[in-house]
Visitor: 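Please find one structure pasted underneath; my questions will follow.
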There are 2 protein chains.
Amino acid sequence: MEYDVYVQTCPTRLVLDRLADKWAVLVLGKLDGQPVRFNQLKREIDGISQKVLSQILKKLERDGLVSRSVFATVPVTVEYAITPLGRTLTSTVAALTRWAEDNIEAVLAAQQKYDRSA
Amino acid sequence: MEYDVYVQTCPTRLVLDRLADKWAVLVLGKLDGQPVRFNQLKREIDGISQKVLSQILKKLERDGLVSRSVFATVPVTVEYAITPLGRTLTSTVAALTRWAEDNIEAVLAAQQKYDRSA
DNA sequence: CTGGATCCACAATGATACTG
DNA sequence: CAGTATCATTGTGGATCCAG
């Protein structure tokens, strides 16, 4: 079977839709390493709302990239962790955020130059 | 200066917003190699609308990732090409689409398993 | 603590038509 | 060919309140 992201009906487009999401990238980056609890994620990912975070986590879990573990403490504890499949993604994802941090100045400079000439 | 994508006000978030876009990923992937004309891009990126394509190209150009060249032919010819800065991104971007194509089956399987247990 | 449900405002997109 | 302009529609996210 041949897959090609450039074909609209190809299922790989579904994966791209999921990956090509700012929040998903940040969540995967935070989970790479140790399991993290819901509110801890919410605190560490500045600007994400509770609604969006729970949606993203559910999607990532459905895709098999993230696992969800419930502990019957009081109050309940829920830990999210990356799966083996998800771990094959984190290096790529990390490269993305690293690129952003490394090249932001060049991008900002390009934007200013563009805006001046416009 | 320290940058951190996990801080909401950090400019690197702008970069992530741009990169974390399905269409931007596909466009950059297509431009990696030779310059491509507008309608050729539109044809090769299945499902993208003319409006969205022109928007994405303008943003990528503003970010300094893509260059736009106009040739005074009749009718006019416009070629889009990747810039040196953009080229530093393509390997990461290519890794993303490759991951999607390589792991789609595992993802689809995970989704089916998830849906059955739900 | 971990979310689900709701309401609402705004951004994004498709379709269509038109221009240089 | 390579776009821009407009409109109508949808979706997406934020804010808030509530519950197990």
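Computation of the quantities below employed the complete heavy-atom set of this structure, encompassing side-chain atoms and omitting hydrogens, waters and symmetry-equivalent molecules. Numbered from 1 within each chain, the chains take letters A, B, ... in sequence-line order.
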Visitor: Reckon A:K58 touches a base, only the sugar-phosphate, or nothing at all at heavy-atom distances under 4.0 Å?
Guide: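 Touches sugar-phosphate only.
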
Visitor: Return no unless some side-chain N or O of A:R68 is found under 4.0 Å from OP1 or OP2 of C:dT2.
Guide: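 No, A:R68 has no side-chain N/O under 4.0 Å of OP1/OP2 on C:dT2.
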
Visitor: Of the options C:dG3, D:dA2, C:dC1, whose atoms approach the side-chain atoms of A:S54 most closely?
Guide: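 Shortest atom-to-atom distance from the side chain points to C:dG3.
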
Visitor: Assign a letter to each nucleotide of nucleotides 6-19 of chain D from its 5' end: B, base within under 4.0 Å of a protein heavy atom; S, sugar-phosphate only; -, no contact.
Guide: BB-----BBBB---

Visitor: Does anything in residues 40-60 of chain B form a salt bridge (charged side-chain N to carboxylate O under 4.0 Å, His left out)? List the pairs, not counting sequence neighbours.
Guide: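 Matches after skipping sequence neighbours: B:K30-B:E44.
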
Visitor: Apply side chain to side chain contact (heavy atoms under 4.5 Å, CB included) to B:S91 and list each qualifying residue two or more places apart in sequence or on a separate chain.
Guide: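 None.
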
Visitor: May I have all residue pairs that pass salt bridge (charged side-chain N to carboxylate O under 4.0 Å, His left out) and include part of residues 3-14 of chain A, sequence neighbours excluded?
Guide: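 Residue pairs passing salt bridge (charged side-chain N to carboxylate O under 4.0 Å, His left out), neighbours aside: none found.
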
Visitor: Report the distance from atom CG of A:L60 to atom C1' of C:dG3, rounded to the nearest whole Å.
Guide: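 Going from CG in A:L60 over to C1' in C:dG3 covers 16 Å.
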
Visitor: Between A:L57 (CG) and C:dT2 (C1'), how many Å, whole number?
Guide: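 Result: 11 Å.
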
Visitor: Closest heavy-atom contact between A:L108 and B:P11?
Guide: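 Where A:L108 meets B:P11 most closely, the heavy atoms are CD1-CB, 4.0 Å.
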
Visitor: Among residues at least two apart in sequence or on other chains, which ones pass side chain to side chain contact (heavy atoms under 4.5 Å, CB included) with A:V74?
Guide: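 Side chain to side chain contact (heavy atoms under 4.5 Å, CB included) list for A:V74, sorted by chain: empty.
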
Visitor: What nucleic acid atoms does B:F71 come within less than 4.0 Å of, heavy atoms only: base, sugar-phosphate, or nothing?
Guide: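 Nothing: the residue B:F71, judged by heavy atoms under 4.0 Å, touches no strand.
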
Visitor: Output all residues satisfying side chain to side chain donor-acceptor pair (under 3.5 Å) with B:R68, sequence neighbours left out; order by chain, then residue number.
Guide: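 So B:R68 forms a side chain to side chain donor-acceptor pair (under 3.5 Å) with B:Y80.
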
Visitor: So what does A:K42 touch, heavy atoms closer than 4.0 Å: a base, only the sugar-phosphate, or nothing?
Guide: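 Here A:K42 touches no strand at all.
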
Visitor: With a 4.0 Å cut-off on heavy atoms, is A:V78 in touch with a base, just the backbone sugar-phosphate, or nothing at all?
Guide: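 It contacts sugar-phosphate atoms only.
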
Visitor: Measure CD/A:E79 against P/C:dT2 and give the value in whole Å, please.
Guide: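 From A:E79 CD to C:dT2 P: 10 Å.
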
Visitor: Atom CD1 of B:I56 and atom C1' of D:dA2: how far apart are they, to the nearest Å?
Guide: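 In whole Å, D:dA2 C1' and B:I56 CD1 are 17 Å from each other.
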
Visitor: How would you list, by chain and number, every residue that makes a side chain to side chain contact (heavy atoms under 4.5 Å, CB included) with A:S54, sequence neighbours excluded?
Guide: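 Partners of A:S54 under the side chain to side chain contact (heavy atoms under 4.5 Å, CB included) test: A:F38.
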
Visitor: How large an angle, rounded to 10°, do the end axes of the helix from C:dC1-D:dG20 to C:dG20-D:dC1 enclose when each is built from five base pairs?
Guide: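 That helix has its two terminal axes inclined by roughly 50°.
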
Visitor: Taking side chain as C-beta onward, heavy atoms only, is A:L41 less than 4.5 Å from A:L57?
Guide: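 Heavy-atom side-chain distance check passes, below 4.5 Å.
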
Visitor: Take the protein atom CG of B:D17 and the nucleotide atom C1' of C:dA11, then report the distance between them rounded to whole Å.
Guide: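 So the CG-C1' distance, B:D17 to C:dA11, works out to 13 Å.
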
Visitor: State whether A:Y80 places a side-chain N or O below 4.0 Å from either non-bridging phosphate oxygen (OP1 or OP2) of C:dG3.
Guide: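 It does, given that an N or O in the side chain of A:Y80 lies less than 4.0 Å from OP1 or OP2 of C:dG3.
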
Visitor: Shortest non-hydrogen contact from B:Y3 to B:C10?
Guide: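 Nearest pair, atom of B:Y3 first, then B:C10: CD2-SG, 3.7 Å.
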
Visitor: Show me the pairs that pass salt bridge (charged side-chain N to carboxylate O under 4.0 Å, His left out) and involve residues 78-98 of chain A, at least two apart or across chains.
Guide: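 Applying salt bridge (charged side-chain N to carboxylate O under 4.0 Å, His left out) to every pair that reaches into residues 78-98 of chain A, excluding sequence neighbours, yields A:D32-A:R87.
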
Visitor: Please enumerate all residues that pass side chain to side chain donor-acceptor pair (under 3.5 Å) together with B:T73, with sequence neighbours excluded.
Guide: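 Side chain to side chain donor-acceptor pair (under 3.5 Å) list for B:T73, sorted by chain: B:T77.
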
Visitor: Considering residues at least two apart in sequence or located in another chain, which fulfil the side chain to side chain donor-acceptor pair (under 3.5 Å) criterion with B:S49?
Guide: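 In terms of side chain to side chain donor-acceptor pair (under 3.5 Å), with neighbours along the sequence ignored, B:S49 is linked to no residue.
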
Visitor: Heavy-atom contacts under 4.0 Å between residues 26-41 of chain B and DNA chain D, which residues?
Guide: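 Contacting residues: B:R37, B:F38, B:N39.
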
